[in-house]
Amino acid sequence: QPQLVESGGGLVSPGGSLRLSCVVSGSRLDSYGIAWFRQAPGKEREEISCIPGLNGRIYYADSVKGRFAMSRDILKNTHYLRLNNLRPDDTAVYYCAASNTPTTNQTVCFMTHWFQHWGQGTQVTVSS
């Protein structure tokens, strides 16, 4: 079973940037589909980006497209989420998640129940 550990959150001013990391231990990074989610206070968990695992593509939710960028370093078994031009409504706990069944399907990649493994989350607060 993989273990996922996020880091990199913090307090940032509007317009600022952060880079979140998700270290995946227990197996090769490219064995999984990987996604980033976030959950703001009082709101449902939202999936914001996904690598389905079998087609080399990255997909983004409209709410973050053009501002956030997902990447990975397979040698370090680490996924990254670069958050640019942050806004106060980006304030949330950010989670990474992994699926044992990588796919090429973007729709599947955005199904929460497709993911079996979750990190503990890292808090991002955007405030002046």
D73 meets the salt bridge (charged side-chain N to carboxylate O under 4.0 Å, His left out) criterion, sequence neighbours left out, with none

Is it true that atom CZ of R82 has more than 12 heavy atoms of other residues, nucleotides or ligands lying nearer than 6.0 Å? yes

Would you give the length of the straight line joining atom CG of N55 to atom OG1 of T103, rounded to the nearest 0.5 angstrom? 8.0 Å

Connected via hydrophobic side-chain network under 4.5 Å: V23 and L20: no

Hey, are the side chains of L11 and S127 touching, using non-hydrogen atoms and a 4.5 Å cut-off? yes

Contact check, side chains of R19 and L81, non-hydrogen atoms, under 4.5 Å: no

Any non-hydrogen side-chain atom of V124 less than 4.5 Å from a side-chain atom of L18? yes

Does E6 use its side chain to pair, donor to acceptor, with the backbone of G121 at less than 3.5 Å? yes

Holding to salt bridge (charged side-chain N to carboxylate O under 4.0 Å, His left out), I want the full list of residues that pass it with R87, two or more places apart in sequence or in another chain. D89

Side-chain donor-acceptor pair under 3.5 Å between E47 and T112, yes or no? no

Identify, with sequence neighbours excluded, every residue that meets ring pair (Phe, Tyr, Trp, His ring centres under 6.0 Å) alongside Y94. none

Can you list the residues that meet the side-chain hydrogen bond (donor to acceptor under 3.5 Å, both in side chains) rule with S99, with sequence neighbours excluded? T101, W114

Look up atom OG in S7 and atom CD in Q120, then write down how far apart they are to the nearest 0.5 Å. 8.5 Å

List for me each residue that meets side-chain hydrogen bond (donor to acceptor under 3.5 Å, both in side chains) alongside Q1, sequence neighbours excluded, and say none if there are none. H117

To the nearest 0.5 Å, what is the distance between CG on N105 and CG on L54? 10.5 Å

Looking at residues at least two apart in the chain, or sitting in another chain, which of them share a side-chain hydrogen bond (donor to acceptor under 3.5 Å, both in side chains) with K65? D62

Using modelled atom types only, decide if a donor and an acceptor are shared between the side chain of N77 and the backbone of V24 within a distance under 3.5 Å. yes

For F110 and A61 the tightest heavy-atom approach is CZ-N, 4.0 Å

If I compare all heavy atoms of P14 with all of S128, which pair ends up nearest, and what's the gap? CD-N, 3.7 Å

Heavy-atom pair with the smallest gap, counting every atom of M70 and S49: SD-OG, 3.2 Å

Using the side-chain contact (heavy atoms from CB on, under 4.5 Å) criterion, which residues pair with R45? Sequence neighbours excluded. F37, Q39, Y95, W118

Side chains of P52 and Y59 in contact at under 4.5 Å (non-hydrogen atoms): yes

Do I51 and Y32 share a hydrophobic cluster, counting only Ile, Leu, Val, Met, Phe, Trp and Tyr and linking them when any side-chain heavy atoms are less than 4.5 Å apart? yes

By side-chain contact (heavy atoms from CB on, under 4.5 Å), which residues pair with S71, not counting sequence neighbours? Y80

Verdict with reasoning, E46 to S63, per side-chain contact (heavy atoms from CB on, under 4.5 Å): CA-CA 10 Å; E46 174 192 17; S63 58; 2.7 Å; yes

Taking every heavy atom of S17 against every heavy atom of N84, the minimum-distance pair comes out as OG-OD1, 3.1 Å

Backbone of G9 reached by a side-chain donor or acceptor of T122 within 3.5 Å: yes

What residue pairs, at least two apart or across chains, pass disulfide bond (SG atoms under 2.5 Å apart) with a residue in residues 84-128? C22-C96, C50-C109

State which residues pass side-chain contact (heavy atoms from CB on, under 4.5 Å) with V64; sequence neighbours excluded, sorted by chain then number. R38, I48, Y60, R67, F68

Test of understanding: with side-chain contact (heavy atoms from CB on, under 4.5 Å), list the residues that count as partners of Q3, not counting sequence neighbours. S25

State which residues pass side-chain hydrogen bond (donor to acceptor under 3.5 Å, both in side chains) with T104; sequence neighbours excluded, sorted by chain then number. none

